[in-house]
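First listed ligand is number 1; within each ligand, the first listed atom is number 1. The basis for the numbers below is simple: all heavy atoms, side chains too, and nothing from hydrogens, waters or symmetry mates.
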Amino acid sequence: MALLEVKKLTKHFGGLTAVGDVTMELHEGELVGLIGPNGAGKTTLFNLLTGVYEPSEGTVTLDSNLLNGKAPYKIASLGLSRTFQNIRLFKDMTVLENVLVGFANWHKNHLFASFFRLPTFYQSEADLKAKALELLAIFNLEKDADTLAKNLPYGQQRRLEIVRALATEPKILFLDEPAAGMNPQETAELTQLIRQIKQQFNITIMLIEHDMSLVMDVTERIYVLEYGRLIAHGTPEEIKNNKRVIEAYLGGEA
Ligand SMILES: Nc1ncnc2c1ncn2[C@@H]1O[C@H](COP(=O)(O)OP(=O)(O)OP(=O)(O)O)[C@@H](O)[C@H]1O
């Protein structure tokens, strides 16, 4: 059974159907791409999956839990984590503090564990700090632990955002245009980082990205949206050669 099941998901904004009748599945450990021209509905779809928007129609199910109508923090605590198109770090906090906030949000939502003093909750602050530093070390940010987030170079801020999203130990990580604004070297490092996350954490990742070489390089399957509708689904090779997809992109740029 799929980890995440999306059935006939639809979102209307007034007369506009931003996402229409989208059906898709994510399986455990997969790295899946979500592409489409500007305004195709990619971010709206992420917002529907993470509870920012309520669907007009359709269902989202994670591990047999229906997510419709649940608040974003609740959905996060069930195992969905995301990054945003525009960096949303606590810029005046240190790198380490940003990761600790990730932990804090997650623990706050595990009241059951807290109440019964399960080990997942009752770790001391020192333990959490050690765990945060461990995570930072995996992503080569440990040396910057005490640096204010705003003083990190752009590429590393994006990297930190991903680390913070991982701090909640998600089952699925949604990355919304992680390469936006990056230079080629930063994009190459990001490609490596995404591969590393998949290998080391074995989580499911869904990636929205306009950088086609990055998407084609790292993903196993790709869904393509245009005007809110799924127009294609397949391996990177299949998508690269799909006439309908090529038309959508050429049309979008014309
Ligand atoms: N809150 C909103 N209210 C009204 N319309 C919206 C809202 N959010 C998105 N839209 C519209 O829905 C459509 C899909 O937008 P969305 O941002 O999901 O596309 P996208 O594929 O992520 O685009 P991009 O690649 O440019 O980020 C667009 O026409 C957009 O203007």
Side-chain angles (χ1 to χ4, degrees), residues 4 6-26 31-60 67-73 75-76 80-89 154-155 157-158 161-162 165 172-183 186-187 190-191 194 204-219 221-234 236 239-240 242 244-254:
L4 188 82
V6 177
K7 285 205 180 128
K8 295 182 169 292
L9 200 63
T10 297
K11 180 69 182 173
H12 304 295
F13 292 115
L16 174 86
T17 302
V19 169
D21 209 20
V22 167
T23 293
M24 56 168 57
E25 290 184 352
L26 295 182
L31 212 170
V32 175
L34 177 63
I35 65 170
N38 287 329
K42 305 177 296 292
T43 298
T44 302
L45 182 58
F46 268 21
N47 284 334
L48 289 168
L49 301 181
T50 53
V52 175
Y53 295 145
E54 262 201 65
S56 307
E57 289 155 47
T59 56
V60 183
L67 301 187
N68 292 55
K70 288 192 165 60
Y73 80 88
I75 291 176
L80 295 195
S81 191
R82 73 179 292 181
T83 62
F84 293 86
Q85 225 169 72
N86 305 313
I87 294 181
R88 292 195 188 177
L89 290 170
Y154 180 79
Q157 289 192 24
R158 284 231 165 249
E161 248 208 325
I162 297 174
I172 304 179
L173 177 64
F174 293 110
L175 299 174
D176 195 348
E177 288 195 42
M182 284 189 169
N183 63 38
E186 287 169 337
T187 305
L190 175 74
T191 308
I194 293 172
T204 305
I205 300 175
M206 193 173 209
L207 170 75
I208 293 180
E209 188 47 65
H210 282 290
D211 184 323
M212 282 306 141
S213 58
L214 169 59
V215 178
M216 297 294 167
D217 205 8
V218 299
T219 61
R221 288 195 295 132
I222 298 174
Y223 287 102
V224 189
L225 277 178
E226 185 190 31
Y227 298 118
R229 309 264 164 188
L230 274 183
I231 57 161
H233 165 226
I239 295 300
K240 227 184 281 181
N242 184 303
R244 183 77 188 77
V245 176
I246 295 166
E247 273 169 17
Y249 272 92
L250 292 178
E253 282 165 19

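Atom NZ of Lys70 has more than 12 neighbouring heavy atoms from other residues, nucleotides or ligands inside a 6.0 Å radius.
Between Glu226 atom CD and Arg244 atom CZ the span is 4.5 Å, to the nearest 0.5 Å.
Counting only distance, with no hydrogens or angles, the side chain of Ser81 and the backbone of Leu173 share no donor-acceptor pair below 3.5 Å. Within the 3.5 Å criterion, the main-chain N or O of Arg88 finds a donor-acceptor partner in the side chain of Glu161.
Residues lining ligand 1 at a heavy-atom distance below 4.0 Å are given as Phe13, Leu16, Ala18, Pro37, Asn38, Gly39, Ala40, Gly41, Lys42, Thr43, Thr44, Tyr53, Gln85, Glu177, His210, ordered by chain and residue number.
Of the candidates Asn47, Thr43, Thr10, Leu45, Leu45 is the only one forming a side chain to side chain contact (heavy atoms under 4.5 Å, CB included) with Val19.
Side-chain atoms of Ser213 and Asp211 include a donor-acceptor pair closer than 3.5 Å.
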